[in-house]
Each structure stands twice: as structure tokens, then as C-alpha cells.
There are 2 protein chains.
Amino acid sequence: MQKTEWFEEIYNDSVGLKIKIKNKIFSQKSDFQQVDIYETFSHGKMLTHDGLVMATEKDEHIYHEMIAHVPLFTHPNPKKVLIIGGGDGGTLREVLRHESIEKCVMVEIDPLVVKACEEHLNQTSCEFKNPKAQIIIDDGVKFAKNCKETFDVAIIDSSDPIGPATPLFNENFYKDIFNLLNTDGIVTSQCESPYYHFEMQKVLLSILNKKFKKTHIYNYSNQSYPSGYWSFSYASKGLCPFKDLNIQKVKKFSFNFKYYNEDIHRGAFMLPNFMRESLVEFLSPLPEVKF
Amino acid sequence: MQKTEWFEEIYNDSVGLKIKIKNKIFSQKSDFQQVDIYETFSHGKMLTHDGLVMATEKDEHIYHEMIAHVPLFTHPNPKKVLIIGGGDGGTLREVLRHESIEKCVMVEIDPLVVKACEEHLNQTSCEFKNPKAQIIIDDGVKFAKNCKETFDVAIIDSSDPIGPATPLFNENFYKDIFNLLNTDGIVTSQCESPYYHFEMQKVLLSILNKKFKKTHIYNYSNQSYPSGYWSFSYASKGLCPFKDLNIQKVKKFSFNFKYYNEDIHRGAFMLPNFMRESLVEFLSPLPEVKF
């Protein structure tokens with residue numbers, strides 16, 4: 001009988017996540033990182049980069065719904081979207097659910113991630129061939145610097161700032177993102193965990209706060225990331241994620257989300273005390289909630 | 001050199017949490033369960049029952065703030081509180097932060113939990129000697145059935161429904177809780193994870209919904225429980241956790257909570273789609289949020 005195998009991800013050499021593996025269905029090393037896909041017992045297929053969980057079939061929808069629909073239901077008429085990173089395709093899939101979208105450019109640095117997901121992770125990669133999608137294999141930092149196009153929404157769907165994604169947590173990069181966004185443009189970014197990466201969150205929010213009129217952070221639950229509590233940053237040249245949220249559009253939307261709705265959109269911005277107090281200098285005020 | 005030891009908690013034989021242990025500082029078996037306290041590298045001291053994490057010094061405040069302050073800031077003048085379970089003392093500590101409280105009765109079935117925490121977990125057990133606290137070692141189900149006193153708020157701070165806490169997830173028990181609550185009384189209960197115990201959540205909410213005028217569920221982040229996403233149920237004879245929340249009292253409160261505030265109170269009730277849709281028949285409507 002075959003020995004049962006467990007995937008393990010250990011954070012700070014002190015706490016870890018274990019997931020029981022049926023088998024490994026993809027394993028290859030690119031110029032940037034080790035890319036693996038496993039079949040698990042509890043989480044469906046699971047994509048890892050350098051041994052860190054990126055996405056699982058069980059819960060990837062939460063990450064992708066929250067990074068995409070918060071800006072897309074806040075912007076009144078998003079037509080052009082830029083995704084930096086997002087090689088598994090889950091963010092692209094959510095963006096293209098919006099009928100107003102005319103073009104979505106996805107810039108992924110590592111062709112091996114795109115190839116692995118195209119072959120083995122159809123749940124996320126299902127829109128790579130959509131005629132509105134343009135997949136570019138390039139360095140997102142370089143792309144943003146040289147970009148001549150403008151966009152309504154940018155989504156920085158990066159991995160952790162320890163591998164190829166490190167330059168995406170940088171001031172110059174966000175200056176370029178600011179410049180390629182239209183009036184009222186919004187950028188959301190993967191912003192790590194308030195429990196494990198609080199200093200990194202401050203750095204990113206302070207960068208955004210210098211350039212953008214509105215800066216916020218919002219939280220959601222992620223079963224397969226350290227602590228289960230994870231964040232996205234939100235920055236806009238003018239739009240407020242509360243006042244400008246188009247509630248009627250969310251309610252009438254043709255696709256039935258598993259996680260996202262107009263309640264969770266607003267609840268996600270309501271921060272626990274340790275975040276609200278420590279991040280206050282980087283955050284724009286939100287209007288008071290009434291009933 | 002001593003071999004490094006890891007504590008492991010495995011759920012559904014397929015996914016698990018690992019925490020690195022410095023040493024075990026308490027280990028004893030009661031009539032009800034195995035009770036252990038560990039010193040960890042990442043989470044301070046950690047209490048487990050039958051190998052399941054109950055509380056850690058790093059994040060117990062989140063659980064205890066959310067189970068206690070949601071009802072206590074919604075009730076206009078809570079004087080008498082009943083806690084069923086809660087043997088580590090963390091809920092008692094949070095209840096006694098409210099100046100209006102005249103008496104808090106805590107009914108814990110297992111004296112070994114109280115003893116272990118009294119000796120080794122002062123962060124939670126610090127109010128056992130408070131003159132307003134009455135610690136009763138008894139079966140909470142029997143206590144509720146025979147209780148002649150009435151209370152403003154009841155808090156069912158139970159462990160999982162697989163050990164001694166199983167009878168606390170029962171209809172007859174909640175009939176007795178209903179009867180010992182004053183007009184406008186509120187009961188909050190530990191209600192497991194929406195990802196791992198959704199059927200159990202439905203059972204508990206349907207029991208509450210039959211008796212109480214207002215029934216809700218609210219979520220919070222728990223780093224050391226499966227998935228990191230956890231819930232409490234809320235039921236009241238009349239009070240709404242949105243409309244009746246005393247925001248001014250929260251803002252002026254003398255104690256500076258680490259997690260709880262008036263924003264997170266309301267955000268916690270804003271449910272993701274899979275919960276909102278599947279639980280709608282058991283939940284009372286909440287007033288629409290405005291800005």
C-alpha cells in the first residue's frame with residue numbers, strides 16, 4: 001500500500017498548514033520558480049509556487065471574486081482592465097463576467113504558470129482563449145513602465161513579495177500604474193495577511209496613499225493561506241468603495257457569486273481595531289454607516 | 001539536542017494545522033476529556049481539549065471579544081450574564097469589562113479546565129476571583145433546566161459538538177435558555193465554521209429561529225481553528241444587532257479592544273453569498289445599510 005503523502009507549508013518556522021495529497025500532477029522549474037500542481041483530498045487541485053499555496057479549486061473563487069468585483073462594481077463603467085500577474089487565470093475569469101468589459105490584458109512574468117494551469121487547472125484558466133483577453137508573457141514592472149494604453153481598473157494579482165513578485169511592492173511601479181489609469185481609475189492589489197505581514201501592508205498602503213486620492217484595505221477569508229485572514233488594498237483616483245458601489249448592479253448581476261455580494265463588499269472594509277488604529281494614517285475616511 | 005516537536009490537529013483526515021511546541025506545561029485527563037497546555041513558539045500558551053485547539057494567547061482575544069461584546073453592546077443595560085462553558089475564563093474577563101454588570105455566572109462542566117487555566121493561563125483566567133463572578137462546576141444543560149434566576153445575556157461558550165459539549169447543540173437546552181432570559185434577552189453561541197460545519201450551523205440556527213424573534217449568524221477570523229473562518233450565532237427576544245447597537249457606548253468604552261469595534265460588529269453580520277443564500281430561511285432580515 002502506498003504511503004499517504006502530505007503537503008506542508010510552514011510559516012516563520014513555527015506554524016504550518018498540512019493538506020493530504022492524492023498525487024502530484026505537474027512539477028516543473030521555470031526561470032522564476034518551482035511550479036507544482038497537486039490533486040488533494042480536501043481542496044481539489046492545488047497550485048503551488050516554490051512550495052507556497054497559490055490557489056486551490058475549493059477556495060480560489062473567494063480570492064478571485066474579491067480582488068476583481070470590488071473595483072468592478074465600484075467603477076461606473078469599466079471597459080478596459082489590466083491584470084499584472086494572475087497567471088492561473090482566475091482573476092481574468094471574474095473580470096470577463098462583466099459585460100461592460102471590452103478588453104482585459106493579463107501580464108504574467110512566468111510562462112510556466114500559464115502553461116501548467118492551461119493544461120491542468122481549467123477551473124481558473126477557462127478564459128485564456130476568450131477574444132476579449134490578451135495574455136502577455138512579460139515582466140509586469142517593465143510592462144507598466146512602457147505602457148502607452150490606459151485602463152479603468154488595474155488588478156495586481158501577485159504572489160508573495162519574496163519571489164519574482166518582489167518588484168510589484170514598489171513605489172516606482174505604482175507611479176506607473178497611476179499613470180496608466182484613467183480618471184476615476186481603481187487599482188486593487190494582493191496585500192498579504194494582517195497577522196503575518198503587517199509591516200508589508202503598511203509599506204504598500206503608504207505608497208498608494210502618496211499617489212491616490214482614496215486608499216483603503218479590505219479583508220476576506222482564505223482557507224489555504226496562513227491564518228485564514230487575508231487582505232487586498234484598494235486605491236482610486238476618486239471613487240469610494242462605499243458611496244460609489246453600484247448596489248443595484250450587484251443585485252441584478254447575471255452570475256451568482258459564491259462569496260461576493262453587496263454586503264460582503266462593504267463588510268470587508270470594516271476593519272478590526274488593531275488594523276484600523278495602526279493603519280489610520282494611510283487610509284482615507286469611509287462614510288459612516290447608517291440603517 | 002532535543003528533537004523539535006510539533007502539535008498537529010487534523011480535520012476530516014485531510015487538512016491540518018501544525019504549531020511548533022517549546023514544551024508541554026500541563027497534561028491531565030478528566031472524566032470528560034484530555035486537557036493539555038503547551039508553550040508554543042508562535043502563539044504563546046495554547047490550551048487543547050482532546051487534541052483540539054481551544055485557545056491560544058495570541059488570538060483568544062478575538063474569539064472572546066466577539067462572543068461577549070456583540071450582545072453586551074446591543075443590550076441597553078446588561079446587568080446579569082450567564083456563561084455556559086467558557087472554562088478558560090476569557091469570556092468572563094470580557095463580560096466584566098462592562099461596568100453595568102452586577103453578576104456573571106459561569107457554569108463549566110469540567111473542573112480540570114478551570115484548574116489548568118487558573119494555574120497556567122492567567123491571560124484568560126484572570127477574573128476568576130472577581131467578586132462579581134460566580135464560578136459553578138456543573139453540567140450547563142442541567143443548570144439551565146433547573147435555573148430559577150433570570151439573565152439579560154447568555155453566552156454559550158462551548159467546545160465542538162463531539163465531546164462533553166454535544167448536548168449544548170440541542171433544542172431542549174435552548175428552550176431552557178429562552179426561559180431564563182429577561183425580556184430583550186440575547187444569547188450568543190459558539191457556532192463552528194461555515195466551511196467545515198455548515199450542516200451543524202443550520203441545525204443550531206433552526207433551533208434558535210423557532211424560539212427567538214431575531215436570529216442571526218456572524219463571522220470572525222480565528223487563526224488557530226480549521227479554515228480560519230468561524231461563526232457565532234445571535235438570538236434575541238427583541239433586540240437587533242444593527243439597530244440596537246449602542247455605537248456611542250462602543251466609542252466611549254474605557255477598554256481598548258484589539259479586535260472588536262462598532263465597524264467590525266456590523267461587518268461581521270454581512271455574510272458571503274454561500275451563507276446568506278443557504279441560511280436565509282433561518283435568519284431574520286437586517287436593515288439595509290446606508291451611507
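Note that these values count all heavy atoms, side chains included, but never hydrogens, waters or copies made by symmetry. To find a chain, count down the sequence lines: A is the first, B the second, and so on, and within it residues start at 1.
The existence of a salt bridge linking B:Lys45 and B:Glu60 is excluded, since no basic side-chain nitrogen approaches an acidic carboxylate oxygen closer than 4.0 Å. Between B:Arg97 and B:Glu65 there is no salt bridge, since none of the side-chain N atoms of the basic residue sits less than 4.0 Å from a carboxylate O of the acidic one.
For A:Ile62, the part sitting under 4.5 Å from any heavy atom of chain B is the side chain, from C-beta outward, and nothing else. Neither the backbone nor the side chain of B:Tyr218 comes within contact range of chain A; no heavy atom of the residue lies under 4.5 Å from a heavy atom of that chain. For chain A, the nearby parts of B:Asp13 are the backbone and the side chain; heavy atoms of each come within less than 4.5 Å. Contacts between B:Leu271 and chain A at a heavy-atom distance below 4.5 Å involve the backbone alone (N, CA, C, O). Using a 4.5 Å cut-off between heavy atoms, B:Leu286 makes no contact with chain A at all. B:Ile10 touches chain A through its side chain: at least one heavy atom from C-beta onward sits under 4.5 Å away, while N, CA, C and O do not. Only the backbone of A:Tyr260 comes within contact range of chain B, judged by heavy atoms closer than 4.5 Å.
Counting heavy-atom pairs under 4.5 Å between each of B:Lys20, B:Glu288, B:Lys18, B:Arg266 and chain A puts B:Lys18 at the top. With chain B as the partner, the residue from A:Ala268, A:Ser221, A:Gly267 showing the most heavy-atom pairs under 4.5 Å is A:Ser221. Counting heavy-atom pairs closer than 4.5 Å to chain A, the top residue among B:His265, B:Lys258, B:Lys58 is B:Lys258. With chain B as partner, the option from A:Tyr195, A:Tyr225, A:Phe257 having the largest number of non-hydrogen pairs under 4.5 angstrom is A:Tyr195. Heavy-atom pairs under 4.5 Å with chain B peak, among A:Tyr259, A:Phe41, A:Phe7, at A:Tyr259. Of all the listed residues (B:Gly228, B:Ser42, B:Ser224), the one sharing the greatest number of non-hydrogen pairs under 4.5 Å with chain A is B:Ser42.
Relative ring orientation between A:Tyr63 and A:Tyr220 is described as perpendicular, the plane-to-plane angle rising above 60° on a 0-90° scale split at 30° and 60°.
Minimum heavy-atom separation, A:Pro194 to A:Gln201: N-NE2, 3.4 Å. Smallest separation of non-hydrogen atoms from B:Cys191 and B:Ile217: SG-CD1, 4.0 Å.
Each of B:Gln190, B:His197, B:Gln223, B:Glu192 was evaluated against B:Trp230; a single residue qualifies, B:Gln190, per the side chain to side chain donor-acceptor pair (under 3.5 Å) test.
Looking at A:Thr124 and A:Glu57, their side chains never bring a donor and an acceptor atom within 3.5 Å of each other. Looking only at atom types and distance, the side chain of B:Tyr229 has a donor-acceptor partner in the side chain of B:Asn219 under 3.5 Å away.
Both the sub-6.0 Å distance and the 45° axial angle are not jointly satisfied by B:Lys243 relative to the ring of B:Phe269.
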